[in-house]
**Student:** 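Right, I'll just put the structure down here and ask away after.
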Protein chains: 2
Amino acid sequence: MTVEFKHQPTVTLAEVADAAGVGESTVSRVLRNYGSFSEKTRDRVMAAVERLGYVPNRIAGTLASTGSRLVAFVIPSLSNIVFPDVLRGASAILEESGYQAVFSVTDYDSQREEALAAAMLAWRPAAVMLAGYEHTDGTLKILRASGCRIVELLDLDGAALDLAVGFSNLAAGRVSAEFLLRRGYRRIGYVGHDLNRDTRAGKRFSGFCATLGAGDAPLADREILAGASSVENGRLGLERLLARTPDLDAVYFSNDDMALGGYFHCLARGISIPSQLAIFGYNGLDIGRAMPQPLSTIRTPRVATGKIAAQLVVTNAPPQVVDLGFELIEGATA
Amino acid sequence: MTVEFKHQPTVTLAEVADAAGVGESTVSRVLRNYGSFSEKTRDRVMAAVERLGYVPNRIAGTLASTGSRLVAFVIPSLSNIVFPDVLRGASAILEESGYQAVFSVTDYDSQREEALAAAMLAWRPAAVMLAGYEHTDGTLKILRASGCRIVELLDLDGAALDLAVGFSNLAAGRVSAEFLLRRGYRRIGYVGHDLNRDTRAGKRFSGFCATLGAGDAPLADREILAGASSVENGRLGLERLLARTPDLDAVYFSNDDMALGGYFHCLARGISIPSQLAIFGYNGLDIGRAMPQPLSTIRTPRVATGKIAAQLVVTNAPPQVVDLGFELIEGATA
DNA sequence: ACCAAAAATGGCAGCGCTGCCATTCTGTTT
DNA sequence: AAACAGAATGGCAGCGCTGCCATTTTTGGT
């Protein structure tokens, strides 16, 4: 047997107006603190709101007015801490501006991205925030046709549609390689996760390899694991890489999680860091700082990316690309 | 100078109806695959939809019909991986059922929780999902008055308002203590983060202490750090705890992040685990499994909690409490 | 006390859909 | 061929607000 849950009769703006003895528009003005109304009226209205427990209906409000205060996020993953960090930064700004965040997870699947982007547009958001520049033609088409703001996050290596906030992954890869070369490492390997799906990791890898090549120390070997990045995959990847190419003196990981796995592998095998093997990550997670030897990595402005992106949207800024850069953390593992 | 961004004239259902040469209701029926219409009509409508690039307006649809397909999450944090995990589980289910997730972050502040809950209700969601049972009277009042489904997550130690999905934190604390006692530890300490804000951690601690007391090995010492849980705080906390009470033989951490910090501290100081000091965490993160010595901890059903919660909402299940339990991971650190 | 300007307020048409009801087709059945 | 049950379809009110405009009240200056 199915139990029925009735929605209680909801209080409407008209009822508040009646209760306060004023017109609907007046209530609307008071609640939005817009236009003019007297002190006395405001108090009467607020009293009625309080008494009736009125909660404005933003669905109706949005339909009646132009443009909603929803901001849609279409993100690849929630497991990769990068995206919760971006959401965190953005939601802080959005909440204080009366915006509401809605999200969907694509799981790094561009087909899903297209479907989800369409689904989100049905809510007529003020803006859609996406990770990176790689989107299907279909996604691009519906986004452009939607007329809402488009924000591409965490990737600046491409042509922005409207707004873009982040940094260059290509440059991050290059800087990482330069650092390792500067430190004198020459037999350098790479351990990464699925690059076809995570195109930003792919760009870092490209930048890294290009710089190594130019530095006369081309990548010695690589181990790329299927599946998402994880500590366990980092551990496993390094194990395999070293089994195949034992004489490496440094390894670049697709991110800090993977690097931590590598670090654990070294601990377990008694490989001393960095004298026997140097380890370099990407992201600059807190965890890296708490390690016995702080992780050498690149710190990325994840929370700031979310904040700036949100700010651009709420201020309706003109199309632009904001490069927030990144920071090299020398650490003690390379 | 401010640049203006005009929303392009949006295609409406009425325009699709005209283009297809049918009535509005017919288009509506076809798009929702509801009621009856002929094959031929369906094709004509879909062709028009395609041609015009029509995207249904869910704002209007929601206003016109009863009940939205929005599900609101009011979560304490996005830094604590627990909540992204819950969101991940839930969004997978919601997306396939045509629901949309919206969220706000309270930052463990119950005052903010109240404000955000009210803000979310303005979107007339089908359900509101909250962490735990501790809410202000104001929050409870508006939630109950809203008439929408309420789901309390990750905490079963209290009286549910409507739906509740998770497990008992009290029991998790007890089981952890029992395990340590069984292994013969008697000088047991605790390192935790702010318990007043994270009431679930507080409940675990209570359960833990109660069991220790009953086992004739009352908590020897504790170190509670202000601020959120983090690897660094775990490291610091253990350092302080041991400085004060060096003869501990086991330490219970408020979660795996903190425990990992403690682990790092031991590594750095050459404290051997578990012979000199045992370490026990909470959450069962992946990282614990990849450590050279797998972390002894409790694995919690975070993703499952999200999934089940979402399922209950989309199926409009009657009020109930679903206990998903947790799993003791013996590991090698205790 | 009078008038213009400004402030305060109310009325009401939509926003784009859905849900209900009436109507018009079908294809059977007798 | 008439009668009828369904299937297929269209019309239109109304969801709860906002935005526009008209109207009323107040204010300030003379």
Side-chain angles (χ1 to χ4, degrees), chain A residues 7-46 48-49 52-70 98 121-126 146-147, chain B residues 7-46 48-49 52-70 98 121-126 146-147:
Chain A
H7 283 247
Q8 348 218 332
T10 323
V11 182
T12 68
L13 184 144
E15 297 176 80
V16 173
D18 278 353
V22 300
E24 292 183 37
S25 346
T26 302
V27 176
S28 178
R29 276 186 294 256
V30 169
L31 290 175
R32 287 180 298 150
N33 192 31
Y34 172 85
S36 57
F37 46 83
S38 68
E39 194 94 349
K40 197 175 55 187
T41 304
R42 208 244 327 278
D43 295 344
R44 292 237 309 274
V45 169
M46 293 315 277
V49 164
L52 301 179
Y54 172 68
V55 177
N57 184 334
R58 300 255 279 186
I59 296 283
T62 301
L63 182 61
S65 64
T66 53
S68 80
R69 293 209 161 203
L70 285 172
L121 286 175
W123 292 99
R124 298 292 187 270
S146 74
Chain B
H7 282 247
Q8 349 217 332
T10 323
V11 181
T12 67
L13 185 143
E15 299 177 80
V16 173
D18 278 352
V22 299
E24 293 182 36
S25 346
T26 302
V27 176
S28 178
R29 275 186 295 255
V30 169
L31 289 174
R32 286 179 298 149
N33 192 30
Y34 173 84
S36 57
F37 46 83
S38 68
E39 194 95 345
K40 197 174 54 186
T41 304
R42 208 246 324 281
D43 295 343
R44 292 239 307 274
V45 169
M46 293 316 277
V49 164
L52 301 178
Y54 173 69
V55 177
N57 184 334
R58 298 256 274 181
I59 297 282
T62 302
L63 181 62
S65 64
T66 53
S68 79
R69 292 211 161 201
L70 285 171
L121 287 176
W123 291 100
R124 298 294 188 269
S146 74

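Reminder, nothing fancy here: chain letters follow the sequence lines and each chain counts from 1.
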**Student:** So if I take every side-chain heavy atom of A/Arg29 and compare against C/dG19, D/dT18, D/dC20, which nucleotide ends up nearest?
**Tutor:**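 Nearest to the side chain of A/Arg29 among the choices is D/dC20.
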
**Student:** Does any non-hydrogen side-chain atom of B/Val45 lie less than 4.5 Å from one of B/Phe37?
**Tutor:**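 B/Phe37 vs B/Val45: side chains apart.
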
**Student:** Nearest whole angstrom, please: distance from the C1' of D/dG11 to the CD of B/Glu24.
**Tutor:**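 Going from CD in B/Glu24 over to C1' in D/dG11 covers 9 Å.
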
**Student:** Take the C1' atoms of the five end pairs on each side of the helix from C/dA1-D/dT30 to C/dT30-D/dA1, derive the two axes, and give their angle rounded to 10 degrees.
**Tutor:**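 Comparing the axis at each end, I get an angle of 30°.
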
**Student:** Identify, between B/Ala14 and A/Lys40, the residue whose nearest nucleotide on DNA chain C lies closer to the 5' end.
**Tutor:**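 It is A/Lys40 whose nearest nucleotide is closer to the 5' end.
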
**Student:** Of the listed nucleotides (D/dG16, C/dG16, C/dG10), which one gets closest to any side-chain atom of A/Val22?
**Tutor:**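 So the side chain of A/Val22 is nearest to C/dG10.
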
**Student:** Would you call B/Thr12 and B/Asn57 a side-chain contact if the rule is heavy atoms closer than 4.5 Å?
**Tutor:**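 Side-chain contact under 4.5 Å: no.
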
**Student:** Closest approach to the side chain of A/Ser38, judged atom by atom: which nucleotide of D/dC17, C/dC17, C/dT9 is it?
**Tutor:**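 Of the candidates, C/dT9 comes closest.
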
**Student:** Nearest whole Å is fine: how far is D/dC17 C1' from A/Leu31 CG?
**Tutor:**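 One finds 11 Å between C1' of D/dC17 and CG of A/Leu31, rounded.
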
**Student:** When you measure from the side-chain N and O atoms of A/Tyr34 to the phosphate of C/dT9, is any distance below 4.0 Å, counting only OP1 and OP2?
**Tutor:**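 No.
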
**Student:** Please check if the side chain of A/Thr62 supplies one atom and the backbone of A/Ser68 the other of a donor-acceptor pair under 3.5 Å.
**Tutor:**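 Not at all, since once roles are kept as given, no pair shorter than 3.5 Å links the two residues.
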
**Student:** May I have the distance from B/Arg44 (atom CZ) to D/dA8 (atom P), rounded to whole angstrom?
**Tutor:**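 To the nearest whole Å, that distance equals 14 Å.
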
**Student:** Within a strict 4.5 Å, meaning less than it, do heavy atoms of the A/Val22 and A/Arg44 side chains meet?
**Tutor:**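 Answer yes - side chains close enough.
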
**Student:** Could you check how far CG of B/Asn33 sits from C1' of D/dA8, rounded to whole Å?
**Tutor:**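 For the pair B/Asn33 CG and D/dA8 C1', the rounded distance is 15 Å.
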
**Student:** Which nucleotide, D/dG16, D/dG19, D/dG10, lies nearest any side-chain atom of B/Thr26?
**Tutor:**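 The closest nucleotide is D/dG10.
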
**Student:** Can you identify which nucleotide, out of C/dG16, C/dG14, C/dG19, has its nearest atom closest to the B/Arg32 side chain?
**Tutor:**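 Given the options C/dG16, C/dG14, C/dG19, the side chain of B/Arg32 is closest to C/dG19.
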
**Student:** State whether the distance check finds a donor on one side and an acceptor on the other, under 3.5 Å, for side chain A/Ser25 versus base C/dG11.
**Tutor:**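 Answer yes: a donor N or O sits under 3.5 Å from an acceptor.
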
**Student:** Any base atoms under 4.0 Å from A/Thr41, or only sugar-phosphate, or nothing? Heavy atoms, all strands.
**Tutor:**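 Counting heavy atoms under 4.0 Å across all strands, the contact made by A/Thr41 is with sugar-phosphate only.
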
**Student:** Do the side chains of A/Arg29 and A/Thr41 get nearer than 4.5 Å, heavy atoms only?
**Tutor:**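 No; the side chains remain at least 4.5 Å from each other.
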
**Student:** Return yes if some donor-acceptor pair links the side-chain N/O of A/Ser28 with the main-chain N/O of A/Glu24 below 3.5 Å, else return no.
**Tutor:**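 Checking the backbone N and O of A/Glu24 against the side chain of A/Ser28, no donor-acceptor pair under 3.5 Å is found.
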
**Student:** Does B/Arg42 have any salt bridge (Lys or Arg N to Asp or Glu O under 4.0 Å) partners at least two apart in sequence or in another chain, and if so, which?
**Tutor:**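 B/Arg42: salt bridge (Lys or Arg N to Asp or Glu O under 4.0 Å) contacts with B/Glu39.
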
**Student:** Here's a test of your reading of the structure: between B/Phe37 and A/Leu63, which maps to the more 5' nucleotide of DNA chain D?
**Tutor:**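 Upstream on the strand: B/Phe37.
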
**Student:** Side-chain N or O of B/Ser28 less than 4.0 angstrom from OP1 or OP2 on C/dC17?
**Tutor:**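 Answer is no, no contact under 4.0 Å.
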
**Student:** Nearest-Å distance, CD (A/Glu39) to P (D/dT27)?
**Tutor:**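 Distance, rounded to whole Å: 13 Å.
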
**Student:** Hey, does the side chain of B/Ser36 come within less than 4.0 Å of D/dA8's phosphate (OP1/OP2), counting only N and O?
**Tutor:**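 Affirmative; the distance criterion is met.
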
**Student:** How long is the line joining CZ of B/Arg42 and P of D/dT9, in whole Å?
**Tutor:**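 Checked: the CZ to P distance equals 11 Å.
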
